[in-house]
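This structure is a prediction, so every number in the text was calculated from the model and none was measured. Chain letters run A, B, ... following the sequence lines, proteins first, then strands; residues in each count from 1.
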Amino acid sequence: MTSERDFAETVVGLCKKRGFFWGPSPEIYGGSSGLYDLGPLGKLLKNRLESEIRSSFVRANFWEVECPTVSPEIVWKASGHLEGFVDPITRCTKCGQAYRADNLIEEEVPDADIKGLSLDRLAEKIRELGVKCPACKGQLGPVERFNLMLKTRLGLDQDAYMRPETATTTYLIFKRLLTFFRDKLPAAVFQIGKAYRNEISPRQGILRLREFTQVEAQLFILHKDETDWRAFDDIKSYELPLLPYKIQESGSHEVTTFRVSDALRQGHFKTKAYAWCVNLAYQVFRSMGFRPESLRLRQHLPTERAHYAADAWDVEVQTKSFGWVECCGVHDRGNYDLGRHQQYSKENLSVKDGNESVVPNVLEIAFGVERPLFCHIDNAYAEDSERVWLRFPPHIAPVQVGVFPLMGKPELVGPSQEIYDEVLDSGLTTYLDSTGSIGRRYRRQDEIGTPFCVTVDYDSLRDNTVTVRDRDTMEQVRISRPELVGILLKLVKGKATIAALKEGQPATI
RNA sequence: GCGCCCGUUGUCUAGGGGCUAUGAUGGAUCCCUGCCACGGAUCCGGCCCGGGUUCGAGUCCCGGCGGGCGCACCA
């Protein structure tokens, strides 16, 4: 545990030092917890992750939309967030300790039936059952509501809230989407954008934020299509690392690799469409560059599920800082959301299913970007006796190529500048550095995870070649200038390796 | 929100009433340097914020903000 914490501190220290993230923000005013700034490298990394996420969903036939981050109060009344996205809090009148009223009652009187009680009824219940403050046995005060949404105002007098999830704002445009999809379901849409949660006590740095970037994909689907989902056939033989709730209940946390079709047959997933979504969530995380060994899919225990959810699986990433970190939820939201918005807006949000008019169901994949971002840095961290480096997969590394003259001599700096411009033009994120010793420059790039460094030396001037160095092995290979950009692009895409390029080349560089 | 501990250059850190706040690392400029933190010169940068005690406060006290751990919370 202590070593985990030390590790987290080391990683966070590196992140602050090198410009991945800073905070809590605003630092010069002392900071406000749960708010962080992304530095240049963190923003590059986040952009790379988002672009992988985006192309994964696009490949799965999802279409991207963007909605406002603030919506008027009525939306959140309809969605249930105003009522439901709250904690009923009560305080001890003597010692001031605050408690979740419902949890407290359940704890003290396990048989009490308090599901869905109003705040006043909860307070009544506390009196009735004689529940006292567990800390000092003092009298408990009235039950108050603590809403986790950030409130704001539109114009002079319209109450509004920052969205606590992007999903709801996607549902609000369902009619428009239906037209866009030519009145045919399934319709698959996703959104990447900011969401806000007024966490009571954010902890664990960038893992629990009050403002964060959410990715939420919605599959609008008819009930009959959930069990008969054609795309399932494309992925049925894929293997997934699963931790079903039944295994967890038996006290084990052992992951079993299942073929998707076997997991379905054995009842771990209820429908083909839901299984397909769980697989998609997993593949999105693979596309971000997480290794299979550090990923698992964990099913929620029935007791931890949200009340509306028929089933819930999470994608979790293993870290050295915080153990397994929940990064993504896959939810069957049924037709709760569309049904509520139909009711509150009086708009018809149903579709034709044969002769029937039905409100479609929604399957959702939801995650924040900052968690995978941190997990990636955590997973990438490596050190040995002589250096610290980040082993990012090349395609997500913030800076992809470093370009150096062997020494800061004009005859080497000039060509380096030309190469830098050329590599930059190819779309790769590139950094030119001609100061200090060559070793120091390599180490600087190692520490921010740059996978490849190009060095211009005196042989370069003679035979028009440069060396390319591999971050992880520190090995180098000599490449002819005309081939350089093409090879770098292949290296970054993982379609070539330094080791393979070295084969058949003379040992000297 | 509660309890315990903590807050010193960009990062890591010494110092717990007394002259100009310690060291490492880093960064900048220059010299050196024909491939992995070489060396030399010069320079840059810090006591979280606000009150109080004191002749004098990184240092002691109070409050705020922030962090760690535990509790609670994480729809």
Whole-Å distance, A/Glu27 CD to B/G46 C1', equals 14 Å

Pairing partner of B/A14, by Watson-Crick or G-U wobble and under 3.5 Å for both distances, is none

Measure all distances between protein nitrogen or oxygen atoms and nitrogen or oxygen atoms of nucleotides 64-68 of chain B, and list the pairs falling under 3.5 Å.
unit_1: B/C65; atom_1: O2'; unit_2: A/Gly30; atom_2: O; d: 3.2
unit_1: B/C65; atom_1: O2'; unit_2: A/Gly31; atom_2: O; d: 3.1
unit_1: B/G66; atom_1: OP1; unit_2: A/Ser33; atom_2: N; d: 3.3
unit_1: B/G66; atom_1: O4'; unit_2: A/Gly30; atom_2: O; d: 3.4
unit_1: B/G68; atom_1: O2'; unit_2: A/Arg5; atom_2: NE; d: 2.9
unit_1: B/G68; atom_1: O2'; unit_2: A/Arg5; atom_2: NH1; d: 3.2
unit_1: B/G68; atom_1: O2'; unit_2: A/Arg5; atom_2: NH2; d: 3.2

So, A/Thr166 versus A/Gln191: side-chain donor-acceptor pair below 3.5 Å or not?
no

List, one per line, each side-chain donor-acceptor pair under 3.5 Å for residues 26-39 of chain A, sequence neighbours excluded.
unit_1: A/Asp37; atom_1: OD1; unit_2: A/Ser25; atom_2: OG; d: 3.4
unit_1: A/Asp37; atom_1: OD2; unit_2: A/Ser25; atom_2: OG; d: 2.9

Pair A/Trp389 and A/Tyr381, ring centroids less than 6.0 Å apart = no

chi for B/G51 classified (syn = within 90 degrees of 0, anti otherwise) as anti

chi for B/G15 classified (syn = within 90 degrees of 0, anti otherwise) as anti

In terms of heavy-atom contacts, A/Ala366 and A/Glu216 come closest through CB-OE2, 3.3 Å

Sorted by chain and residue number, the salt bridge (charged side-chain N to carboxylate O under 4.0 Å, His left out) partners of A/Glu316 (sequence neighbours excluded) come out as A/Arg296, A/Arg298

How far does the C1' atom of B/A57 sit from the matching atom of B/G45, given to the nearest Å? 23 Å

To the nearest angstrom, the NE2-P distance between A/His331 and B/C74 comes to 14 Å

Restricting to nitrogen or oxygen on both sides, can you table the protein-nucleotides 23-26 of chain B pairs closer than 3.5 Å?
unit_1: B/G26; atom_1: OP1; unit_2: A/Arg440; atom_2: NH1; d: 3.1

Between CD1 of A/Ile438 and P of B/C32 the distance, given in whole Å, is 17 Å

Students often mix this up, so state it plainly: with edges at 30° and 60°, are the rings of A/Phe220 and A/Phe174 parallel, tilted or perpendicular? tilted

Contacts of A/Glu422 meeting salt bridge (charged side-chain N to carboxylate O under 4.0 Å, His left out) (sequence neighbours excluded), chain-then-number -> A/Arg481

(Q) Need one value for A/Gly436: base, sugar-phosphate or nothing, where a base atom within 4.0 Å counts as base even if backbone is also close, heavy atoms only. (A) nothing

Worksheet item: Given the P atoms of B/C2 and B/G64, what is the spacing between them in whole Å?
Response: 8 Å

How far, in whole Å, is B/C44 from B/C38 if one measures between their P atoms?
23 Å

Quick one: label A/Arg441 by what it contacts on the DNA or RNA (base, sugar-phosphate, nothing), any heavy atom closer than 4.0 Å. nothing

Answer for the Watson-Crick or wobble partner of B/G66, both distances under 3.5 Å, is B/C6

When rounded to whole Å, the CG to P distance for the pair A/Asp433 and B/C35 reads 18 Å

Applying the 3.5 Å cut-off to both distances, the Watson-Crick or G-U partner of B/C71 turns out to be B/G1

note: A/Glu4, atom CD; B/G70, atom P; distance rounded to Å ~ 11 Å

Check your understanding: Should A/Arg391 and A/Glu447 be marked as a salt bridge (charged side-chain N to carboxylate O under 4.0 Å, His left out) after you check the CA-CA gap, both sets of side-chain angles, and the distance that decides it?
Key -> CA-CA 9 Å; A/Arg391 309 175 50 138; A/Glu447 209 173 271; over 6 Å; no

Judged by nearest nucleotide, the residue sitting upstream toward the 5' end of RNA chain B, A/Lys409 or A/Gly13, is A/Gly13

- Message: Quiz question: going by heavy-atom distance under 3.5 Å, is there a donor-acceptor pair between the base of B/C74 and the side chain of A/Glu199?
- Response: no

Only one of A/Lys409, A/Arg462, A/Arg478 passes salt bridge (Lys or Arg N to Asp or Glu O under 4.0 Å) with A/Asp457, and that residue is A/Arg478

By nearest-nucleotide position on RNA chain B, the 5'-leaning member of A/Arg208 and A/Trp22 is A/Trp22

How far, in whole Å, is B/C62 from B/A41 if one measures between their C1' atoms? 49 Å

Side chains of A/Thr170 and A/Gln218 only: does a donor on one sit below 3.5 Å from an acceptor on the other? no

Whole-angstrom distance between B/U20 and B/C6, as gauged at atom C1'
29 Å

### Query
If we take the C1' atom in both B/C12 and B/U53, what is their distance in whole Å?
33 Å

With sequence neighbours left out, the residues meeting salt bridge (charged side-chain N to carboxylate O under 4.0 Å, His left out) with A/Asp470 are none

Atom CD1 of A/Ile28 and atom C1' of B/G10 are separated, to the nearest Å, by 16 Å

Requested in this report: Classify the side chain of A/Ser437 and the base of B/C35 as holding, or not holding, a donor-acceptor pair under 3.5 Å.
Outcome: no

Pairwise C1' distance for B/U11 and B/C49, with rounding to whole Å: 22 Å

I'd like to know if the side chain of A/Glu370 pairs up with that of A/Thr213 as donor and acceptor (distance under 3.5 Å, no hydrogens or angles considered).
yes

### Query
Is a donor-acceptor contact shorter than 3.5 angstrom present between the side chain of A/Arg387 and the base of B/C36?
no

Whole-Å distance, A/Asp384 CG to B/A37 C1', equals 12 Å

Applying the 3.5 Å cut-off to both distances, the Watson-Crick or G-U partner of B/C47 turns out to be none

Separation of B/G27 atom C1' from A/Lys16 atom NZ, nearest Å, is 18 Å

message = Using atom C1' in both nucleotides, what's the gap between B/G63 and B/A21 to the nearest angstrom?
response = 26 Å

Answer for the Watson-Crick or wobble partner of B/A28, both distances under 3.5 Å, is B/U42

